[in-house]
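The chain is numbered in sequence order, starting from 1. Quick caveat, the model's predicted, so the values are computed rather than measured.
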Amino acid sequence: MANDKTRKFSSIIVDGVTQAPSRAMLHAVGFEDADFKKSQIGIASTWSMVTPCNMHINKLAEDAALGADEAGAKSIIFNTITVSDGISMGTPGMRYSLVSREVIADSIETVAGAQGFDGLVAIGGCDKNMPGCMIGLARLNRPSIFVYGGTIKPGAKHRDIVSVFEAVGGCAAGKVSEEELKEVEETAIPGPGSCGGMYTANTMASAIEALGMSLPNSSAQEAVSAEKKEDCHRAGAAVKALIEKDIKPSDIMTRKAFENAITVVIALGGSTNAVLHLLAMAHAANVELELDDFTRIGKNVPLLADLRPSGKYLMSELIAIGGIQPLMKTLLDAGLLHGDCMTVTGKTMAENLADVAPYPGEQDIIHALDNPIKKDSHLVIMYGNIATTGAVAKITGKEGLRFTGNARVFESEESALAAILDDTVVKDDVVVIRHEGPVGGPGMREMLSPTGAIMGKGLGKDVALITDGRFSGGSHGFVVGHVTPEAAVGGPIAIIETGDSITIDAENRTLNLNIPQEEIDARLAKWTAPAPKENRGVLAKYARLVCSASEGAVTDKF
């Protein structure tokens with residue numbers, strides 16, 4: 001019989017006379033007598049036909065299960081949920097997106113905790129899957145690996161999902177015909193896989209690889225590829241090795257590892273959602289991490305990747321030149337990564353990267369350290385009298401570094417989008433979208449529809465947008481999200497009036513309302529809390545439990 005070290009949890013479920021009922025149930029799902037003596041590895045699959053991001057993950061889960069079984073363990077596949085940001089974007093359904101992160105984490109913790117799995121493989125596609133899986137794995141703290149479901153192939157004419165959102169704005173501006181819009185709609189999404197730029201899915205997959213919680217190259221493989229199939233197979237076997245060595249997420253997800261993840265996200269030009277999710281993952285792992293860590297690290301890390309949404313290239317093109325491993329080797333050699341961090345290979349980051357070859361000399365997707373796209377981070381943490389506890393901007397420099405304009409205030413995403421499309425929003429406006437935060441939404445919707453419409457109408461350098469909601473990784477332009485405190489809890493964003501002057505200063509990292517503090521105080525004194533939008537169900541529970549976006553918008557910070 002395997003020793004207790006490899007069956008720490010499953011032995012409680014299946015060993016001894018008293019557990020005969022448990023074994024009887026497991027016989028019915030395919031266990032044989034020999035399987036009760038093996039380490040049990042749960043395979044958490046986010047498969048569903050809800051979205052192309054996840055439509056193939058059932059087969060990947062089977063590959064991971066086969067790898068675990070061939071390594072001498074017993075695999076058990078189980079499912080958790082997914083929702084599609086791309087489909088629900090701009091609708092009330094998007095309120096459930098960030099909530100799904102918590103549901104995924106809770107469900108993985110619940111199933112694995114109840115069933116006594118000794119180790120886990122979690123496979124995620126659409127972007128909330130990844131931090132949801134990681135939060136669940138961190139809470140359980142059993143030998144585990146995360147596997148990315150993989151990126152989608154490019155659509156016709158180098159299109160992706162953001163091409164469709166921006167074509168909507170172009171259609172409203174008369175630059176794109178309805179026939180052209182229809183053609184973009186029908187060709188942008190060619191099959192399985194997560195959205196193709198350095199949006200939130202590819203950002204989080206890269207961050208998790210840099211964190212050391214997925215196998216090398218897991219973030220840089222197409223969803224439909226032999227490499228991704230092999231990645232899953234190897235992950236199943238690798239968890240068995242982690243069980244034998246007793247290497248747990250707490251041994252990997254250290255403060256240094258989170259610093260590595262932040263560094264790689266910055267170099268790649270990743271999504272603002274990475275700030276929210278890494279804070280949440282660190283909380284689950286009992287690691288101290290705060291907004292100001294992104295500023296501290298970002299002062300020394302350049303933006304190197306010319307990837308969408310602000311750049312030219314898609315993830316598939318980065319995969320073709322070697323993925324993120326050569327970038328990580330460059331950062332390690334420059335002293336910007338901690339090489340002594342443990343990873344799921346059982347080796348350190350430096351050991352994993354030792355033999356990685358550099359990018360081919362003719363490529364221009366990843367710039368050299370001495371020729372960066374931006375010398376420091378594009379993720380700008382801002383403070384000021386609008387965001388007293390912080391806000392998060394994505395500023396690449398292409399849209400400028402400072403913007404002053406007049407507020408045009410909206411109480412919802414829908415009303416703002418309508419005003420952008422009907423030309424109410426004009427040059428020099430600062431669009432303010434409030435009551436979209438974690439509590440106020442509830443659920444903190446992404447503002448891809450408004451930002452896509454702004455870019456599609458050619459206003460990217462002429463109109464700014466601030467919100468207590470958040471942004472899709474596909475958003476770009478002069479945009480600031482995660483404004484905290486949010487409007488629903490009495491943050492200063494709640495008292496901005498249309499016509500007020502607002503300054504966004506990326507160089508000084510400030511977000512300010514240009515009126516006297518006495519006027520701000522007087523308005524806040526008159527503020528009254530809005531009635532909750534939901535009084536029962538998952539959104540109501542979320543609104544009552546969720547903490548500030550500046551703390552990761554987690555629901556178990558008591």
Requested in this report: Check step by step if side chain to side chain contact (heavy atoms under 4.5 Å, CB included) holds for Tyr96 and Leu539.
Outcome: CA-CA 7 Å; Tyr96 290 91; Leu539 292 176; 3.5 Å; yes

Query - Pairwise side-chain contact, Thr467 with His482, heavy-atom cut-off 4.5 Å (strictly under) - result: no

Report summary line: Here the gap from Met204 atom CE to Arg101 atom CZ, rounded to the nearest 0.5 Å, amounts to 9.0 Å

**Report entry** Those residues that, when tested against Arg296, pass side-chain contact (heavy atoms from CB on, under 4.5 Å) (two or more places apart)
**Finding:** Arg255, Glu259, Asp293

Query raised in the report: How long is the span from the CD1 atom in Ile76 to the CD atom in Gln40, to the nearest 0.5 Å?
Result: 4.0 Å

Query raised in the report: Between Ser475 and Phe471, is there a donor-acceptor pair closer than 3.5 Å when you use the side chain of the first and the backbone of the second?
Result: no

Report task. Would you list the pairs meeting salt bridge (charged side-chain N to carboxylate O under 4.0 Å, His left out) in which at least one residue belongs to residues 188-199, sequence neighbours left out? Result -> none

Query raised in the report: Should His338 and Met349 count as side-chain neighbours, where that means a heavy-atom distance under 4.5 Å?
Result: no

Query raised in the report: Within the side chain of Thr203, is there an N or O that forms a donor-acceptor pair under 3.5 Å with the backbone of Tyr199?
Result: yes

Query raised in the report: Are Ser271 and Thr200 linked by a side-chain donor-acceptor pair shorter than 3.5 Å?
Result: yes

Query raised in the report: Where do Gly191 and Pro52 come nearest, in terms of heavy atoms and distance?
Result: O-CB, 3.6 Å

Query raised in the report: What residues form a salt bridge (Lys or Arg N to Asp or Glu O under 4.0 Å) with Lys533, not counting sequence neighbours?
Result: none

Query raised in the report: Do any N or O atoms from the side chain of Ser225 and from the backbone of Gln221 form a donor-acceptor pair under 3.5 angstrom?
Result: no

Report task. May I ask you to check whether Asn129 and Asn54 show a side-chain donor-acceptor distance below 3.5 Å? Result -> yes

Query raised in the report: Cationic tip of Lys74 within the cone over Phe31's six-membered ring, i.e. under 6.0 Å and within 45° of the normal?
Result: yes

Query raised in the report: If we ignore angles and hydrogens, is there a donor and acceptor under 3.5 Å between the side chains of Tyr148 and Asp231?
Result: no

Query raised in the report: Is a side-chain donor or acceptor of Trp47 paired with a backbone partner of Met55 at a separation under 3.5 angstrom?
Result: yes

Report task. Compute whether any side-chain donor of one residue and acceptor of the other, for Glu209 and Ser219, lie under 3.5 angstrom apart. Result -> yes

Query - Charged N-O contact under 4.0 Å between Glu534 and Arg95 - result: yes

Requested in this report: Using atom types as modelled and distance alone, determine if a side-chain donor or acceptor of Lys394 lies under 3.5 Å from a backbone N or O of Gly473.
Outcome: yes

Query - Worked check of ring-ring contact (aromatic ring centres under 6.0 Å, His included) between Phe294 and Phe258 - result: CA-CA 10 Å; Phe294 289 82; Phe258 277 98; 9.7 Å; no

Report summary line: Looking only at heavy atoms, the pair that brings Ser45 and Ala61 closest together is CB-CB, 3.9 Å

Report task. Kindly give the heavy-atom pair with the smallest separation between Val287 and Met253, and that separation in Å. Result -> CG2-O, 3.2 Å

**Report entry** Main-chain N/O of Cys232 paired to Asp63 side chain as donor or acceptor, under 3.5 Å
**Finding:** no

Query raised in the report: Should Leu120 and Ile41 count as side-chain neighbours, where that means a heavy-atom distance under 4.5 Å?
Result: no

Query raised in the report: Looking only at atom types and distance, does a side-chain atom of Asn217 sit under 3.5 Å from a main-chain N or O of Gly323, one as donor and one as acceptor?
Result: no

Query raised in the report: Is the shortest distance from a Lys or Arg side-chain nitrogen in Lys248 or Asp246 to a carboxylate oxygen in the other one below 4.0 Å?
Result: yes

Query raised in the report: According to the salt bridge (charged side-chain N to carboxylate O under 4.0 Å, His left out) rule, which pairs have a member within residues 466-489, sequence neighbours left out?
Result: Glu446-Arg470

Report task. Please identify each residue that fulfils salt bridge (Lys or Arg N to Asp or Glu O under 4.0 Å) with Asp160, with sequence neighbours left out. Result -> Arg308

Requested in this report: With sequence neighbours excluded, give me every salt bridge (charged side-chain N to carboxylate O under 4.0 Å, His left out) pair touching residues 78-93.
Outcome: Asp85-Lys128

Query - Asn260/Cys341 under side chain to side chain contact (heavy atoms under 4.5 Å, CB included): CA gap, chis, key distance, verdict - result: CA-CA 9 Å; Asn260 284 349; Cys341 292; 3.6 Å; yes

Query - Partner set under side-chain contact (heavy atoms from CB on, under 4.5 Å) for Thr345, not counting sequence neighbours - result: Leu215, Pro216, Thr343, Lys347, Asn352

Query raised in the report: Is the charged tip of Arg509 near the ring of Tyr383: under 6.0 Å from the six-membered ring centre and within 45° of its axis?
Result: no

**Report entry** Lys59: salt bridge (Lys or Arg N to Asp or Glu O under 4.0 Å) partners, not counting sequence neighbours
**Finding:** none

Query raised in the report: Step by step, would you call Glu62 with Ile77 a side chain to side chain contact (heavy atoms under 4.5 Å, CB included)?
Result: CA-CA 8 Å; Glu62 291 171 358; Ile77 298 174; 4.2 Å; yes

**Report entry** Pairwise salt bridge (charged side-chain N to carboxylate O under 4.0 Å, His left out) hits with a residue in residues 549-558, at least two apart
**Finding:** Arg139-Asp556, Glu551-Lys557

Query raised in the report: Partners of Val546 by side-chain contact (heavy atoms from CB on, under 4.5 Å), sequence neighbours excluded?
Result: Pro438, Val439, Tyr542, Ala553, Thr555

Requested in this report: Go through the steps for Leu291 and Val392 under the test side chain to side chain contact (heavy atoms under 4.5 Å, CB included), then give the verdict.
Outcome: CA-CA 9 Å; Leu291 281 177; Val392 182; 4.2 Å; yes

Query raised in the report: From Met134 CE over to Ile104 CD1, what is the distance, rounded to the nearest 0.5 angstrom?
Result: 13.5 Å

Report summary line: Applying side-chain contact (heavy atoms from CB on, under 4.5 Å) to Val409 and not counting sequence neighbours gives Ala407, Glu411, Val432, Arg434, Ile496, Thr498

Query - Chi angles and distances behind the side-chain hydrogen bond (donor to acceptor under 3.5 Å, both in side chains) call for Ser412, Ser415 - result: CA-CA 6 Å; Ser412 71; Ser415 58; 3.2 Å; yes

**Report entry** Minimum-distance pair of heavy atoms, taken over all atoms of Ala207 and Val265
**Finding:** CB-CG2, 3.7 Å

Query raised in the report: So, Thr451 side chain and Leu448 main chain: donor-acceptor pair closer than 3.5 Å or not?
Result: yes

Query raised in the report: Side chains of Phe478 and Leu465: does their closest heavy-atom pair fall under 4.5 Å?
Result: no

Query raised in the report: For the residue pair Val99 and Gly443, what are the closest heavy atoms and their distance?
Result: CG2-CA, 4.3 Å

Query raised in the report: Of all heavy-atom pairs between Leu278 and Ala261, which one has the smallest distance, and what is that distance?
Result: CD2-CB, 4.2 Å

Query raised in the report: What distance do Glu227 atom CD and Ser218 atom OG have between them, rounded to the nearest 0.5 Å?
Result: 12.0 Å

**Report entry** Carboxylate-amine/guanidinium proximity below 4.0 Å for Asp118 and Arg7
**Finding:** no

Query raised in the report: With sequence neighbours left out, what residues match Arg445 under salt bridge (Lys or Arg N to Asp or Glu O under 4.0 Å)?
Result: Glu413, Glu414, Glu436

Query raised in the report: Any donor and acceptor pair, going by atom type alone, linking the side chain of Thr484 with main-chain N or O of Ala549 inside 3.5 Å?
Result: no

Requested in this report: Without swapping roles, check the side chain of Thr80 against the backbone of Thr46 for a donor-acceptor pair under 3.5 Å.
Outcome: no

